[in-house]
Amino acid sequence: MSPVRDLAPSEPPADLAVYFAEHRANGRFHNPWGVNVEASVSRLLKWQTARNPWRSQKRSAPVAALAADPAGAWSHLDAAGRVCWLGHASLLVEIDGVTVLVDPVFGWAGPVPRKAPTPLTVGELPHIDVVAISHGHYDHLDAGSITALARRFGPDLTIALPLGLERSLPRAARGCRVVSLDWWQAVPVRGVDVCLVPAQHWHRRALGDTNRAFWGGWVVRGTRSVYHSGDTGWFGGFSAIGHVFPDLDLAVLPIGAWEPRWFMGDQHMDPDGAVRAFQAVGAKRFLAMHWGTFDLTDEPLGEGPPELQRAVERAEQTFDERYAVLPHGGTLGLAR
Ligand code: ZN
Ligand code: ZN
């Protein structure tokens with residue numbers, strides 16, 4: 001069994017030191033740079049009872065272009081590196097023959113119905129080496145999907161989690177190799193590092209468990225490297241991720257669930273934030289996620305892609321082939 005590796009630099013640059021700082025106190029986790037998501041019930045109620053300014057647009061807007069690709073492209077791409085978007089934050093990554101499935105959700109997200117079919121079932125997946133979960137919210141950690149994966153892949157499957165999240169796993173996961181990681185720790189699998197990196201987010205899955213488990217994003221690094229941000233507000237930690245992983249081939253970033261900003265701003269980026277995050281981590285390409293699958297927030301389900309294009313133009317960049325918005329089941333190669 002491989003040990004966990006610590007990828008934090010021994011002396012991080014002074015302006016990035018806070019992203020390597022202590023983030024635990026009294027059994028709860030926090031974002032040590034001082035921005036902590038205030039997830040009070042009163043704020044939630046205020047949002048849920050407010051009028052949604054997007055309401056009429058949301059009713060009339062067709063659901064985004066949701067044509068599922070039967071993932072046929074998967075087998076034709078360079079196996080040095082490729083990713084397949086399975087909807088929302090679910091991403092299949094293959095680098096150097098190691099397969100990592102991030103945030104698999106094959107059905108509903110807890111009580112939230114799925115608006116687009118899942119392009120692949122658990123039975124149709126290729127062999128999976130690692131399941132990596134970014135945090136405990138129901139649109140990222142789905143007990144039913146993990147149970148199905150644990151049954152299919154058994155003790156060969158590594159389940160990589162942020163610290164404390166092992167308590168939220170279903171019983172079937174006990175048959176797998178479960179590894180809980182702190183930020184900047186990686187589990188190595190046949191020469192590929194699967195590393196938990198910081199995010200500006202929070203945890204709540206059940207009553208009384210607020211921030212008792214950690215959260216983060218993932219970097220999968222072999223001869224190619226992919227960064228999946230998980231859920232995060234915009235924060236300076238993107239520069240720290242780019243510092244530790246200076247050769248990212250792809251940043252997989254959210255372009256959905258950002259409205260209203262007064263409620264979502266600290267915990268979810270809008271597309272403008274995603275474009276800034278892409279620049280800060282310094283990845284070669286951008287892949288859109290966290291859109292078009294679950295209706296979680298005020299803006300219409302298909303608003304992300306056109307808003308991303310506008311955000312790129314607002315940042316005085318060119319919306320070119322560096323920016324990928326895939327259909328559900330679409331595959332992207334990481335050939336250089
Ligand atoms: Zn979340
Ligand atoms: Zn989410």
Side-chain angles (χ1 to χ4, degrees), residues 23 28-31 35-41 43-44 47-48 64 85-91 101-116 118 131-146 161-165 168-169 183 196-206 209-218 227-235 237 251-261 263-271 273-274 277 287-304 307-308 328:
H23 38 252
R28 297 189 199 259
F29 295 88
H30 60 271
N31 302 309
V35 181
N36 282 287
V37 178
E38 195 203 320
S40 69
V41 173
R43 279 166 64 89
L44 186 67
W47 171 37
Q48 291 299 319
W85 184 56
L86 300 177
H88 201 60
S90 302
L91 188 77
L101 184 56
V102 183
D103 288 354
V105 179
F106 290 93
W108 288 27
V112 181
R114 206 179 171 92
K115 301 282 189 180
T118 178
V131 166
I133 307 291
S134 67
H135 66 294
H137 288 152
Y138 284 88
D139 56 321
H140 298 260
L141 193 170
D142 176 56
S145 297
I146 293 175
L161 305 163
L163 291 173
L165 204 55
S168 302
L169 288 179
W183 286 346
L196 187 73
V197 295
Q200 180 174 297
H201 206 58
W202 63 295
H203 171 85
R204 183 186 295 149
R205 196 170 167 87
D209 76 344
T210 302
N211 296 346
R212 292 214 180 270
F214 211 14
W215 49 87
W218 291 101
Y227 163 54
H228 179 296
S229 70
D231 276 357
T232 180
W234 199 92
F235 75 128
V252 186
L253 294 163
I255 62 160
W258 74 82
E259 289 281 357
R261 297 310 289 149
F263 186 77
M264 289 296 165
D266 286 345
Q267 53 181 309
H268 287 172
M269 291 188 287
D270 58 12
L287 171 61
M289 69 155 173
H290 212 266
W291 74 281
T293 314
F294 300 116
D295 185 5
L296 300 171
T297 49
D298 282 1
E299 88 280 0
L301 202 56
E303 193 62 17
E307 187 61 19
L308 173 64
H328 290 72

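Every number for a ligand or one of its atoms is a count from 1 in the order of the listing.
Looking at H137 and the Zn ion (ligand 1) together, the shortest N, O or S contact belongs to ND1. Closest N/O/S atom of H290 to the Zn ion (ligand 2): NE2.
For the 3.5 Å distance criterion, the side chains of Q267 and W202 qualify, holding a donor opposite an acceptor.
No donor-acceptor distance shorter than 3.5 angstrom exists from the side chain of D103 to the backbone of L91, with no hydrogens or angles considered. A side-chain donor-acceptor contact under 3.5 Å links Q200 to the backbone of D266.
To the nearest 0.5 Å, atoms NE2 (H88) and CG (L296) are separated by 5.0 Å.
Taking backbone and side-chain atoms together, H135 has an N/O/S atom less than 2.8 Å away from the Zn ion (ligand 1). For a distance bound of 2.8 Å, the N, O or S atoms of H268 include none lying that close to the Zn ion (ligand 2).
Here the angle at the Zn ion (ligand 2) defined by OD2 in D139 and OD2 in D231 stands at 150°, rounded to 10 degrees.
The minimum heavy-atom distance linking E307 with P271 is given by the pair CG-CG, 3.6 Å.
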